[in-house]
Protein chains: 2
Amino acid sequence: MEKKDSHCDPREVLERKQLARTAPRIAILEKLIRSDRAITVNDLVSEGMDMDRVTIYRTLNTLRDKGIVREIPTSSGTNYYEMACRHNPLHPHFYCTSCRSMTCLPPLAGGEMKAWLTLPEGLLARDLTVSISGLCGRCDGAPVRKEKEK
Amino acid sequence: MEKKDSHCDPREVLERKQLARTAPRIAILEKLIRSDRAITVNDLVSEGMDMDRVTIYRTLNTLRDKGIVREIPTSSGTNYYEMACRHNPLHPHFYCTSCRSMTCLPPLAGGEMKAWLTLPEGLLARDLTVSISGLCGRCDGAPVRKEKEK
DNA sequence: TCACGGATGCAACTCGTTTGCAACAACGGG
DNA sequence: CCCGTTGTTGCAAACGAGTTGCATCCGTGA
Ligand SMILES: [Mn+2]
Ligand SMILES: [Mn+2]
Ligand SMILES: [Zn+2]
Ligand SMILES: [Zn+2]
């Protein structure tokens, strides 16, 4: 019997990249694998991740360095993260500057994004990000900026 | 007699967008127009901009909202800015995660970047960013992270 | 089972950016 | 040319994402 979705299993991913299989890492990976959208550290915390925030930051950095997760910067300073294996192929993202939500956009017609651009000599590319910022459907015209909960 | 480069003149730009022509704004625009690369608030400060940092932030936000400058986010949380009229056409950027330098890349062969992607209904696009992160020529292999001056 | 090196938690910190508020100055009307 | 309105600036304080130092902990490989 073999596992379904083996390529995206937390423990296998960690083993393949020679990372210790610790509880925090597995929990974070499970969350990321389940998510159909890119999420933030705050998303992880507010959805009941028990560990320290610092652990989350460090874990995501590690996973990013190993190419396991993709890091998506925003102009607000908050980074979003998504599993590379789940969010395939590489696609553009839409960031609403009003409600600060991140949406995955359909992959570009015409194949691999990387293929478009030719990088000058001497640059070592790690990651490619295409993102569009603007106002999402709910915010179009009616800003909702920064309502504080509680 | 007519001005050369009239389309990029600070006072004209401000007038066209109905913004008051104040000293700080003109100074910042002049700096941006002269620069062949995208720059940060710190760049502006360290190159002798006299005004308060807050003024720079507010000015850049205003210019961004009016579509005069382009805002380029990075995973380190620092935003870069470039004059839209000077940095034409819209092109990808390379960000070195080691020395944190931003480089303009040649525009994509094959025309306008915007043309590639089709946006789902209900999304109002403001800005498009294509950026590649990795290691630049000077950092390739030899990290220089965060040397503090003085 | 043991020892070692990497991973975690906690507290403090860094730094880019925002906000509140009072003083100020650009600009259009008189 | 002056004046009042309204948008802009400076200052101080706050905010928030992310990092760092250090002691403890625990996964891993032997
Ligand atoms: Mn995505
Ligand atoms: Mn550029
Ligand atoms: Zn929105
Ligand atoms: Zn570099």
Side-chain angles (χ1 to χ4, degrees), chain A residues 10-11 13-29 38-46 49-66 68-69 71-81 95 97-98 100 102 143 145-150, chain B residues 10-11 14-29 38-46 49-66 69 71-81 95 97-98 100 102 143 145-150:
Chain A
R11 311 184 109 92
V13 167
L14 291 172
E15 182 176 30
R16 199 178 319 135
K17 291 300 169 69
Q18 319 229 54
L19 295 171
R21 277 145 283 164
T22 66
R25 285 178 178 169
I26 292 171
I28 289 174
L29 279 174
I39 60 180
T40 66
V41 168
N42 276 336
D43 290 336
L44 288 170
V45 170
S46 62
M49 289 272 119
D50 192 13
M51 70 222 65
D52 194 284
R53 305 180 78 90
V54 176
T55 302
I56 302 183
Y57 283 113
R58 284 197 273 231
T59 299
L60 290 174
N61 285 346
T62 303
L63 298 177
R64 187 236 303 123
D65 291 342
K66 292 288 186 176
I68 298 168
V69 303
E71 187 178 60
I72 306 157
T74 70
S75 55
S76 71
T78 310
N79 288 327
Y80 281 72
Y81 298 87
Y95 181 65
T97 52
S98 176
R100 302 179 179 201
M102 182 73 73
R145 276 194 180 275
K146 207 182 191 182
E147 69 240 52
K148 46 187 54 179
E149 60 271 85
K150 159 69 65 43
Chain B
R11 312 185 107 91
L14 291 172
E15 183 176 32
R16 198 177 322 135
K17 291 301 169 70
Q18 319 230 51
L19 294 171
R21 276 145 282 164
T22 66
R25 285 177 177 169
I26 293 170
I28 289 174
L29 280 175
I39 60 180
T40 66
V41 169
N42 275 336
D43 290 336
L44 288 169
V45 170
S46 62
M49 290 271 117
D50 192 11
M51 71 223 63
D52 193 284
R53 303 180 77 89
V54 175
T55 302
I56 302 183
Y57 283 112
R58 284 197 273 231
T59 299
L60 290 174
N61 285 347
T62 304
L63 297 176
R64 186 236 303 122
D65 291 342
K66 293 287 187 177
V69 304
E71 187 178 59
I72 306 156
T74 70
S75 54
S76 71
T78 309
N79 287 325
Y80 282 72
Y81 297 87
Y95 181 65
T97 52
S98 176
R100 302 178 179 203
M102 181 73 73
R145 277 194 179 274
K146 207 181 192 182
E147 69 238 53
K148 45 187 53 177
E149 60 270 88
K150 160 70 66 40

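Given the structure is predicted, the values throughout are model-derived calculations rather than measurements. Letters A, B, ... are given to chains in the order of the sequence lines, protein chains preceding strands, and every chain is numbered from 1.
As rounded to whole Å, 14 Å separates atom C1' of D:dG7 from atom CZ of B:Arg21. Computed from coordinates, the A:Gln18 CD to C:dG5 P distance equals 17 Å when rounded to whole Å. A straight line from CG of B:Leu44 to C1' of C:dT17 spans 15 Å, rounded to a whole angstrom. B:Asp52 places its CG atom 18 Å from the P atom of C:dC21, with the value rounded to the nearest Å. Rounded to whole Å, atom P of D:dT8 lies 10 Å from atom CG of B:Leu14. The distance from atom CD1 of B:Ile56 to atom C1' of D:dT8 is 15 Å, rounded to the nearest whole Å. For the pair A:Asp50 CG and C:dG9 P, the computed distance is 8 Å after rounding to whole Å. Following rounding to the nearest Å, A:Tyr81 (OH) and D:dG18 (C1') show an atom-to-atom distance of 9 Å.
Regarding contacts with the backbone of C:dA7, every side-chain N or O of A:Thr22 stays at 4.0 angstrom or more from both OP1 and OP2. OP1 and OP2 of C:dG16 both lie 4.0 Å or more from every side-chain N or O belonging to B:Asn79. Dashed line: the shortest gap from a side-chain N or O of A:Asn61 to OP1 or OP2 of D:dG18 is not under 4.0 Å. Between B:Tyr57 and C:dT18 there is no side-chain polar atom (N or O) within less than 4.0 angstrom of OP1 or OP2.
Residues forming a side-chain hydrogen bond (donor to acceptor under 3.5 Å, both in side chains) with B:Arg53 (at least two apart in sequence, or on another chain): B:Asn42.
Candidate nucleotides C:dG9, C:dA7, D:dC11 were compared by shortest atom distance to the side chain of A:Met51, and C:dG9 ranks first. Comparing D:dG10, D:dT28, C:dT17 against the side chain of B:Arg53 picks out C:dT17 as the nearest. Checking D:dG18, D:dT9, C:dT8 against every side-chain atom of B:Arg25, the shortest atom distance belongs to D:dT9.
Inter-residue side-chain proximity for B:Met102 and B:Ile72 is flagged as met; some heavy-atom pair is nearer than 4.5 Å.
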Going through the checks in order, is the side chain to side chain donor-acceptor pair (under 3.5 Å) test met by A:Thr62 and A:Asp65? CA-CA 5 Å; A:Thr62 303; A:Asp65 291 342; 5.9 Å; no
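Between the side chains of A:Asn61 and A:Arg58, no donor-acceptor pair is found at a separation under 3.5 Å.
Each of B:Arg58 and B:Thr78 was matched to the nucleotide of DNA chain C holding its nearest heavy atom; the match closer to the 5' end belongs to B:Thr78. Taking for each of B:Leu19 and A:Val54 the nucleotide of DNA chain C with the nearest heavy atom, the 5'-most of the two is the partner of A:Val54.
Minimum heavy-atom separation, B:Asn79 to A:Thr74: OD1-O, 4.4 Å.
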